[in-house]
Amino acid sequence: VLIAGSGAWFSEAGENIRKFVEQTHLPVFTHEVARGLIPDSHELCFGGIIYKLNGASQRINESDCVVLLDIEPDWRMDYGESPLFPEDNATIIHIDETGSRLGDRVPTDIGIVADVNTVLEQFIDHAQSFTWNKPDEWIKTLERANEEYQAEFKSELESEETPIAQGRIASEIADII
């Protein structure tokens, strides 16, 4: 999986993120100001990375490779620890413009100190040399995880019980807006 952080936004890497994930079929998550660099409606974008708010992000720990695009794992990402990130047998590639966060919270196998957009351009050029199979089963696993997560809260969003649930209030306001 690919996880885009704020540095990807500052690097104006949105177009290259889209190109790279479409070329390699990697699922992508976004965080902070990187939200929207690739729309959540894109078939390979699984939304925000916040572990407790996204069913698909709860399956990242099953990945064999995680690419971090200039991101600092904080409390919203369980500080880069399990259960969000794989504990073993996964390659962690962290691209950081200053290098100050490499290996800080997430054990990093490959650290790259460079501008995210520049690295993505190089990844795109190099990836053209390969044939990439779409990981259909992995994509379906992430899609199912999101569907199951949303179904889990659907009853709260539609509940007529009192006192009214917070999710119901948010749902009603969202319908009006």
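Quick note: numbers below take in every heavy atom, side chains included, and nothing from hydrogens, waters or symmetry partners. Position 1 is the first residue of the sequence, and the numbers go up from there.
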Between side-chain atoms of residues 115-124 and protein atoms elsewhere (two or more places apart, or another chain), which donor-acceptor pairs fall under 3.5 Å?
| residue | atom | partner | partner atom | Å |
| --- | --- | --- | --- | --- |
| D115 | OD1 | S11 | OG | 2.8 |
| D115 | OD2 | S11 | OG | 3.2 |
| D115 | OD2 | N117 | N | 3.2 |
| D115 | OD2 | T118 | N | 2.9 |
| D115 | OD2 | T118 | OG1 | 3.0 |
| N117 | OD1 | N16 | ND2 | 2.8 |

Checklist entry - If two hydrophobic side chains count as joined below 4.5 Å and joins carry through other members, does I164 share a cluster with I176? => result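 Shared cluster, no.
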Rounded distance (nearest 0.5 Å) linking atom [atom1] of [X] with atom [atom2] of [Y]:
X: E15; Y: F20; atom1: CD; atom2: CZ; answer: 14.5 Å
X: L37; Y: R35; atom1: CG; atom2: CZ; answer: 10.0 Å
X: L44; Y: L26; atom1: CG; atom2: CG; answer: 8.0 Å
X: I3; Y: I49; atom1: CD1; atom2: CD1; answer: 4.0 Å
X: E143; Y: W138; atom1: CD; atom2: CH2; answer: 12.0 Å
X: L142; Y: E147; atom1: CG; atom2: CD; answer: 11.0 Å

Next on the checklist: Counting only heavy atoms from other residues, nucleotides and ligands, does the tally under 6.0 Å from CD of Q128 exceed 12?
Outcome noted: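 It does: Q128 CD has more than 12 such atoms within range.
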Item to check | Exceeds 12 heavy-atom contacts within 6.0 angstrom, atom CG of D136 | outcome: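 Yes, the 6.0 Å shell around CG holds more than 12 heavy atoms from other groups.
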Item to check | H42 and E22: CA distance, side-chain angles, deciding distance, side-chain contact (heavy atoms from CB on, under 4.5 Å) verdict | outcome: CA-CA 10 Å; H42 190 285; E22 287 177 357; 2.7 Å; yes
Item to check | Check: W132 side chain, A127 main-chain N or O, donor-acceptor pair, under 3.5 Å | outcome: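 Between the backbone of A127 and the side chain of W132 there is a qualifying donor-acceptor contact (under 3.5 Å).
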Item to check | Check: T108 side chain, V106 main-chain N or O, donor-acceptor pair, under 3.5 Å | outcome: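 Flag set: sc T108 to bb V106 pair under 3.5 Å.
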Item to check | Minimum-distance pair of heavy atoms, taken over all atoms of A4 and A34 | outcome: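 What the structure gives for the nearest pair is O-CB, 3.4 Å.
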Checklist entry - Minimum heavy-atom separation for G47 to D40, with atom names? => result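 G47 and D40 have their closest heavy atoms at CA-OD1, 3.3 Å.
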Item to check | Apart from L102 itself, residues in the same hydrophobic cluster as defined by side-chain heavy atoms under 4.5 Å | outcome: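 For the cluster that includes L102, the remaining residues are V113.
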Checklist entry - With a 4.5 Å limit on heavy-atom distance, are the side chains of E43 and K134 in contact? => result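 Contact flag for E43/K134 side chains = yes.
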Checklist entry - Can you check whether V21 reaches P27 side chain to side chain, under 4.5 Å on heavy atoms? => result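 They are not in side-chain contact.
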Item to check | Derivation of the side-chain contact (heavy atoms from CB on, under 4.5 Å) call for R76 and E32 | outcome: CA-CA 10 Å; R76 295 166 290 181; E32 294 184 328; 2.4 Å; yes
Checklist entry - How about T98 and D96: does a side-chain donor come under 3.5 Å of a side-chain acceptor? => result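 Side chains of T98 and D96: pair found under 3.5 Å.
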Checklist entry - Is E161 salt-bridged to R168, going by a charged N under 4.0 Å from an acidic O? => result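 No.
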Name the atoms and distances for all side-chain donor-acceptor pairs under 3.5 Å in residues 53-71, with sequence neighbours left out.
| residue | atom | partner | partner atom | Å |
| --- | --- | --- | --- | --- |
| N54 | OD1 | A56 | N | 2.8 |
| N54 | OD1 | S57 | N | 3.2 |
| N54 | ND2 | F46 | O | 2.7 |
| N54 | ND2 | G48 | O | 2.5 |
| S57 | OG | N54 | O | 2.8 |
| Q58 | NE2 | Y51 | O | 3.0 |
| R59 | NE | E62 | OE2 | 2.5 |
| R59 | NH2 | E62 | OE1 | 3.3 |
| R59 | NH2 | E62 | OE2 | 3.2 |
| N61 | ND2 | P83 | O | 2.8 |
| S63 | OG | I60 | O | 2.8 |
| D70 | OD1 | R101 | NH2 | 2.2 |
| D70 | OD2 | E97 | N | 3.4 |

